[in-house]
Amino acid sequence: MSKASIAISGVTDPQALAQILSDLAGSLRAGTICLRKGAEYVTLKPSTRMDFEIEAAIKKGKQKFSLEVKWEEVPEQVPASEFTISPTEPTAPDAAPEGPCEPGEAVLAAPPAEEPKPEKHRKDGKKAVKNKEKKHDKKHGKKPEEAPKTDEDGEAKPVEQ
């Protein structure tokens with residue numbers, strides 16, 4: 001929802017004002033009111049429910065006629081083509097409906113596919129090992145694989161036993 005406004009005031013004769021009101025009536029019938037002053041403009045889309053107030057008064061020799069019209073923006077409606085309501089259920093996703101649902105029958109959707117869980121890493125960047133895995137390895141004598149040792153030139157050294 002954006003904010004925009006234009007205020008116009010002036011002095012004119014009854015014929016010119018009647019034309020302004022006629023243009024307003026035509027715009028209301030068309031469903032769009034665009035008020036423009038120079039390069040600025042505000043476009044309004046009247047809703048189906050409009051609040052209005054008309055006031056006429058004579059005070060100290062001055063006559064006044066006031067018309068105020070308000071409405072709220074109508075939220076976009078979901079097109080009827082995007083959903084269906086029927087007494088039948090599909091047999092597979094996006095399948096055509098087959099038989100009617102029985103009263104009180106539960107309709108279950110397929111559970112969503114599980115996404116693989118991301119690997120956890122410690123702050124130092126090494127892969128985190130769960131406590132259960134550590135206990136299992138200690139109990140059964142498993143040791144993590146060691147990388148082959150290298151000499152200063154980067155060549156692999158034979159493993160001493």
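Predicted model, so just to flag it, every value in this text is computed and none were measured.
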Legend entry - Greater than 12 external heavy atoms within 6.0 Å of Phe65's CZ: yes

Legend entry - Exercise: identify the closest heavy-atom pair between Gly31 and Pro46: O-CD, 3.2 Å

Inset, instruction - Taking all heavy atoms of Glu72 and all of Ser47, pick out the closest pair and write down the distance. - result: O-CB, 3.5 Å

Legend entry - Spatial distance of atom CD (Glu40) from atom OG (Ser5) [nearest 0.5 Å]: 8.5 Å

Inset, instruction - Establish whether Leu28 and Tyr41 are linked, either directly or via other cluster members, by ILVMFWY side-chain heavy-atom contacts under 4.5 Å. - result: no

Legend entry - Residue pair Arg49 / Trp71: nearest heavy atoms and the distance that separates them: O-CB, 3.5 Å

Inset, instruction - Hey, could you give me the CG/CD distance between Asp13 and Gln19, rounded to the nearest 0.5 Å? - result: 11.0 Å

Legend entry - From Cys34 atom SG to Asp23 atom CG, the distance as rounded to the nearest 0.5 Å: 12.0 Å

Legend entry - Approximate separation, where rounding is to 0.5 Å, of Leu67 CG and Glu55 CD: 11.0 Å

Legend entry - Nearest heavy-atom neighbours spanning Arg36 and Ile8: O-CD1, 4.4 Å

Legend entry - Separation between CD of Glu53 and NZ of Lys70, rounded to the nearest 0.5 Å: 7.5 Å

Inset, instruction - Please name the pair of heavy atoms, one in Leu24 and one in Ile33, separated by the smallest distance, quoted to 0.1 Å. - result: CD1-CD1, 3.9 Å

Inset, instruction - Give, for atom CD of Glu68 and atom CD1 of Ile54, the distance between the pair rounded to the nearest 0.5 Å. - result: 11.0 Å

Legend entry - Check: Ala18 main-chain N/O paired with Ser22 side-chain donor or acceptor under 3.5 Å: no

